[in-house]
Amino acid sequence: MSAELQDSTLLCDQSLIDGVWCDARSGLAFDVKNPASSEVLAQVPDMGAVDARTAVEAAAAAFKDWRRRSARERMAILRRWHQQIIDNADDLALLLTLEQGKPLAEARAEVLSGANFVDWFAAEAMRVMGDILPPADNSRREWSTRHPIGVVAAITPWNFPSSMVTRKVAPALAAGCTVVLKPAEDTPLSALALAVLAERAGVPAGVFNVVTASHGAEVGGELTSNPQVRKLSFTGSTAVGKLLMAQCAATVKKVSLELGGNAPFLVFEDADLDEAVRGAIAIKFYNTGQTCICANRIMVHERVYDAFLERLARAVGALTLGEGTGDGVTQGPLINPAAFAKVSSLVEDAVSSGATVVTGGGGDAGLGGTFYPLTVLGDVTPAMKVFNTEIFGPVAPVYRFSDEDEAIRLANDTPYGLAAYAYTRDLGRIFRLNEQLEYGMVGVNTSRFVSETVPFGGVKESGIGREGSVYGIDEFLETRYLCLAGL
Ligand code: ADP
């Protein structure tokens, strides 16, 4: 497979600790497989607590120097990293498609949008400022100052193996922190390739460490209990996020958590239906439905329900399922057989409780065990499991509502609060929705609204903290207070 890469050194089979590419202390390794074909792409180190501790020690030692570098120097190094990513975007995209399954064009878009975070936070390094405070009495002078928090543990998921890494590592490095990253076991190759490029860009030894592991728990246990780690930035499931938050309590680490979602997608009776269908396709089937901001509950006003459903099913018919490297493919496989089983059982539950299959449904789409057919379900009700479960698959359940109050009530009837979408042309309603929807992000008449410039994050059990935007670097800084008396 490496022969297909222009630069075969971007396919790594070792982890990076303290500037040294290394195997696990135990000598163990695990397979990284292509989800479309089960082909083994590489074997990477199966690291444990001892390796994670070594990485934390390296990051703690490197922090002493990195935090003292000028902001301009950190910016310059991050800019070089950004350029390395751009220059190697084709190889990074191919690696991403092979280990994750998404179509090549989407993989390339992810690599480039991930690179935008590096560019953005390179500039943010220069904008970390404090305040001069009004003193309590005139014999004092008082300041608030901002400092890098220290060693950061970053744990990332498999659905965006490239951009989830850059949007944690870039702000951490910009702030003057050092990082130990544990990428998802399904997709460590993108993270390792990014680390190669960071090294080439001049990121010093120990500043950015990558520890691969086949199971998160052991490495995660070390990263969350080690007192030298001062911050955890995690993206993944709500269940694991809660566990890690509890584990971080013993050493009172600062945490950022980007967890699950259950996005409502509301289509009101005054919506531009074609736009709404385009928006639903774009966000429901994004990454084959495997994102935390995917539309999870499509709710349509009863007056336009039939028309919307028919147009949605027609639009789904124009999508093409297949291997991500294939021509014209818009939808890849699910990440693994367990994901397929979960999606199948949700559809079976809905259908046995009265949902109708408008298109798609069970089976394996004739392409192998990880390809779930693109599916639209009608007559879905809140009593079905699919209402409060993150589907993470290409299944669009469509619900009916009769008025705005009911739509808002249903939308908020979940412990999650990440992204919500609404299609309407009523300005008053748009303001009511923004005030009443309990979500960190609301898209009105659009469903693709994430970039490095906006604060990404959730409320309720969808998480804590924001990534990207001018607020993103705050997660890696702490505010201190200096008082000078006796003047
Ligand atoms: P998903 O359902 O998207 O796979 P997970 O929350 O299971 O989400 O995984 C997200 C990341 O968390 C991955 O890198 C995974 O290895 C890691 N992870 C899973 N369980 C643990 C754990 N107990 N401790 C630390 N990391 C974990």
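Numbering of ligands and ligand atoms starts at 1, following listing order. Just so we're clear, the structure is a prediction, and the values are computed from it rather than from any experiment.
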Colleague: Taking the six-membered ring of Phe476, is the NZ or CZ of Lys168 close enough (under 6.0 Å from the centre) and on axis enough (within 45°)?
Modeller: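 Ring-cation test returns no.
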
Colleague: How does Leu243 reach ligand 1, by side chain, by backbone, by both or by neither, if only non-hydrogen atoms under 4.0 Å count?
Modeller: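 Just the side chain.
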
Colleague: Measure up the Phe265 and Tyr421 rings against each other and bin them: parallel (under 30°), tilted (30 to 60°), perpendicular (over 60°).
Modeller: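 Tilted.
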
Colleague: Determine, using heavy atoms of Phe392 and all atoms of ligand 1, whether some pair is separated by less than 4.0 Å.
Modeller: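 In this structure, Phe392 fails to qualify as a contact of ligand 1 - no heavy atom is under 4.0 Å.
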
Colleague: Decide if atom OH of Tyr471 counts as having more than 12 heavy atoms of other residues, nucleotides or ligands within a radius under 6.0 Å.
Modeller: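 Count not over threshold, so no.
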
Colleague: Out of Gly241, Ala338, Gly216, indicate the one that has the non-hydrogen atom closest to atom 25 (C) of ligand 1.
Modeller: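 Looking at heavy atoms only, Gly216 sits closest to atom 25 (C) of ligand 1.
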
Colleague: Just jot down the ligand 1 atoms closer than 4.0 angstrom to any heavy atom of Glu185, in number order.
Modeller: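 Close to Glu185: 15 (C), 16 (O).
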
Colleague: To the nearest 0.1 Å, how far is atom 17 (C) of ligand 1 from its closest protein heavy atom, and which atom is that?
Modeller: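 Going atom by atom, the protein heavy atom closest to atom 17 (C) of ligand 1 ends up being Ile155 CG2, 3.7 Å.
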
Colleague: Can Glu99 and Ser190 be counted as having a side-chain donor-acceptor contact under 3.5 angstrom?
Modeller: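 Short answer, yes.
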
Colleague: Among all protein heavy atoms in this structure, tell me which lies nearest to atom 21 (C) of ligand 1, with the distance rounded to 0.1 Å.
Modeller: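 That would be Val240 CG1, 3.6 Å.
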
Colleague: Could you find the nearest protein heavy atom to atom 12 (O) of ligand 1 and give me its residue, atom name and distance?
Modeller: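 Protein heavy atom at minimum distance: Phe234 CE1, 3.2 Å.
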
Colleague: Answer with side chain, backbone, both or neither: which part of Leu244 has a heavy atom less than 4.0 angstrom from an atom of ligand 1?
Modeller: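 The part of Leu244 near ligand 1 is the side chain, not the backbone.
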
Colleague: Tell me the closest heavy-atom pair linking Gly114 and Thr166, and the distance in Å.
Modeller: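 Residues Gly114 and Thr166, closest heavy atoms: O-OG1, 2.9 Å.
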
Colleague: May I ask you to check if ligand 1 and Thr235 share an N or O to N or O distance below 3.5 Å?
Modeller: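 No, there is no polar N/O contact under 3.5 Å.
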
Colleague: With no hydrogens and no angle check, just 3.5 Å: does a side-chain donor-acceptor pair link Glu461 and Thr238?
Modeller: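 There is no such pair between these side chains.
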
Colleague: So, for Gly361 and Tyr372, which heavy atoms are closest and what is the spacing to 0.1 Å?
Modeller: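 Scanning both residues, the minimum pair turns out to be O-OH, 3.4 Å.
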
Colleague: Report, in ascending order of atom number, the atoms of ligand 1 lying under 4.0 Å from any heavy atom of Trp158.
Modeller: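 Heavy-atom distances to Trp158 below 4.0 Å select 1 (P), 3 (O), 4 (O).
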
Colleague: Number the atoms of ligand 1 from 1 as they appear, then name those within less than 4.0 Å of a heavy atom of Thr156, with their elements.
Modeller: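 In order of number, 11 (C), 13 (C), 14 (O).
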
Colleague: Please verify the inter-ring angle class for Trp158 with Phe392; under 30° counts as parallel, over 60° as perpendicular, anything in between as tilted.
Modeller: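 Rings of Trp158 and Phe392: perpendicular, as their planes differ by over 60°.
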
Colleague: When you measure from atom 5 (P) of ligand 1 to each heavy atom in Ala239, Ser237, Ala339, which option holds the nearest one?
Modeller: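 Comparing heavy atoms across Ala239, Ser237, Ala339, the nearest one to atom 5 (P) of ligand 1 lies in Ser237.
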
